[in-house]
Amino acid sequence: MSEKAVIGRFAPTPSGFMHAGNLLCAMLAYLSAKSKGGKFIIRIEDVDAMRCPRSAALDIIDTLEAVGIRSDEPIIWQSERTAAYKAAERLLSSRAQIYPCYCSRAELHAPEIARLPDGGILYPKTCKSLSAAQKAEKEKKVRPAFRISVPDEVITFTDGICGKQSQNLALECGDFILRRSDGVYAYQLAVVVDDGESDVSEVFRGADLLYDTPRQIYLQRLLGLPTPEYYHIPLVCDSSGRKLSKSEGDSAKRLFKSYSARQIIGELAFAANITDEPRPADIDELIPLYSADKIPKEIKLRIQN
Ligand code: GLU
C-alpha cells in the first residue's frame, strides 16, 4: 500500500504585517513537508475580508517569496470559499445541533461567565433551548451568530512539539461559534474545511492555537475528515524576551532593510535549532537538516526589525 502524500501548509491571516515568528512558522512548515518529499501550500486566511486587506496578503506572499517559500499549488483565498463553508455547515447541522445565539458581547463577557484558558468564554448555553416563538421575537432585534453544540467528550491528540493534549469539550471549550452574527464563517470551521479539501497532512502554527485544536478535531470527525498531524510552535521572542506581535508593529518585511534573505533564513534556522550556528543559507539547503525533534520549547531571535 502506498503511503499517503505529505502535504504541509502555511495559513496566515493577513490582518496586518507578518512578523518574524510567522515567517519562522512558514519556514518550518515548508522544511517539514519538503524533508518528507511532500508538497507545501499557502492559504490566505482572509475569511474576515473586512479585517484582511488584499495589500497585506500580497505583502505576506512577497515576503515568503523573498526567502524562497512558494506554494506548490495555486494559493487558496478563504474569502473565495464561502460556498464550501456553507456546504459544511449544512452537513454539520445534520450531525449535531447548530443553534442561533442572540447574546450580546456584554452578556457574554459578564463577570459570572466562566473564562477559558485561551481568553475565550465557556458559553452558558443561554440560547440553546429557545422556543421557535422566543427565537422569532429575538430575531426582530438581533441578528444571531450560530453555535455548534459539543458533547461531554474528551478529545485527545499528540502534538509533534507540545506532546499529548486532552480537552473535555463540554467543560473546557463549550458550544462554539461556527458563523458570526455578521455572516462571516468562523476560523474554526474554515480551517477544518480547507485543510480537509487540500488533503493537508501536517499543520504548523503558533502555540496560541493549541487550545483550539480539540474543537477542530471534533468538526473533522463530524465531517468525516482525517485529522492532520499538528505541530504548534512556541511563540517567538526577541533577544530581550518580548513576544513578537503584529499589533506591536513587528514586521518580517522590515528585516530586509538590514539583512539579506540568506541571513534572515540563517537566523531563523538557528533560532529554531535546525542549525547550530547562524550562518546565511538558502532555505532549500536546510531541507536535509530539518527534524521536528530539534525544535526547542522556547524560540529567541537575535535579529530585530
Ligand atoms: N491564520 C492563523 C494565523 O495567522 C493560523 C491558523 C492555522 O494555521 O490554523 O495565526
Side-chain angles (χ1 to χ4, degrees), residues 7-33 40-54 56-61 63-64 69 71 75-81 84-85 88 118-120 155 157 159-162 165 173 176-178 180 184-220 223 225-236 243-248 250-253 292 295 299:
I7 302 185
R9 53 72 156 179
F10 177 58
T13 300
S15 56
F17 294 117
M18 175 167 72
H19 59 61
N22 306 129
L23 187 56
L24 188 141
C25 180
M27 179 189 79
L28 293 176
Y30 177 89
L31 291 177
S32 175
F40 171 78
I41 60 179
I42 296 173
R43 179 173 72 235
I44 300 295
E45 297 211 319
D46 60 347
V47 64
D48 187 351
M50 296 293 280
R51 277 184 58 233
C52 296
R54 197 84 172 176
L58 296 176
D59 208 74
I60 291 173
I61 295 165
T63 306
L64 294 171
I69 299 178
S71 185
I75 291 177
I76 295 158
W77 296 78
Q78 286 193 328
S79 53
E80 294 167 3
R81 292 193 31 81
Y85 307 144
D118 68 347
I155 302 262
F157 71 101
D159 185 84
I161 298 171
C162 305
Q165 311 289 320
C173 167
F176 60 93
I177 290 184
L178 285 187
R180 299 185 340 201
V184 173
Y185 281 99
Y187 155 68
Q188 313 294 350
L189 177 71
V191 73
V192 164
V193 171
D194 289 342
D195 283 340
E197 182 143 325
S198 301
D199 287 323
V200 165
S201 62
E202 49 182 53
V203 166
F204 281 73
R205 59 189 181 195
D208 52 334
L209 291 168
L210 186 62
Y211 198 81
D212 292 43
T213 306
R215 71 192 82 171
Q216 295 175 14
I217 294 175
Y218 168 59
L219 294 181
Q220 287 156 3
L223 290 167
L225 295 170
T227 292
E229 285 174 18
Y230 286 103
Y231 298 86
H232 285 88
I233 65 161
L235 299 182
V236 176
K243 281 191 183 129
L244 299 186
S245 121
K246 283 186 221 180
S247 53
E248 289 193 33
D250 290 303
S251 152
K253 197 174 178 189
I295 302 171
I299 301 185

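In each ligand, atom 1 is the first atom listed, and ligand 1 is the first ligand listed. Remember, it's a predicted structure, so these values are computed and weren't measured experimentally. FYI, side chains are in, hydrogens and waters are out, and symmetry mates aren't considered; it's all heavy atoms of this structure.
- Considering only non-hydrogen protein atoms, atom 4 (O) of ligand 1 sits nearest to Thr13 N, 3.0 Å.
- Under the 3.5 Å distance criterion, the side-chain polar atoms of Asp159 are matched with a main-chain donor or acceptor of His232.
- Here the protein heavy atom with the shortest distance to atom 5 (C) of ligand 1 is Ala11 O, 3.4 Å.
- A donor-acceptor distance shorter than 3.5 angstrom exists from the side chain of Asp46 to the backbone of Ser79, with no hydrogens or angles considered.
- Considering only non-hydrogen protein atoms, atom 10 (O) of ligand 1 sits nearest to Leu209 CD1, 4.2 Å.
- Between Asp118 and Arg215 a salt bridge is recorded (basic side-chain N to carboxylate O distance below 4.0 Å).
- Judged by distance alone, with hydrogens and angles left aside, the side-chain atoms of Ser245 form a donor-acceptor pair with the main-chain N or O of Ser247 at under 3.5 Å.
- The pair Arg9-Asp194 does not meet the salt-bridge criterion, since no charged nitrogen lies less than 4.0 angstrom from a carboxylate oxygen.
- With ligand atoms numbered from 1 in the order given, ligand 1 contributes 9 (O) to contacts under 4.0 Å with heavy atoms of Val191.
- Residue contact check for ligand 1: Val203 places no non-hydrogen atom closer than 4.0 Å to it.
- When only interatomic distances are considered, the shortest N/O to N/O separation between Glu45 and ligand 1 falls below 3.5 Å.
- Close approach of ligand 1 to Pro12 (heavy-atom distance below 4.0 Å) involves ligand atoms 1 (N), 4 (O).
- Residue contact check: Tyr187 has heavy atoms under 4.0 Å from atoms 6 (C), 7 (C), 9 (O) of ligand 1.
- When only modelled atom types and interatomic distance are considered, Ser15 and Thr13 share no side-chain donor-acceptor pair under 3.5 Å.
- Close contacts between ligand 1 and Arg9 involve ligand atoms 7 (C), 8 (O), 9 (O) [criterion: under 4.0 Å to a heavy atom].
- Judged purely by atom type and a 3.5 angstrom limit, Thr213 uses its side chain to pair as donor or acceptor with the backbone of Leu210.
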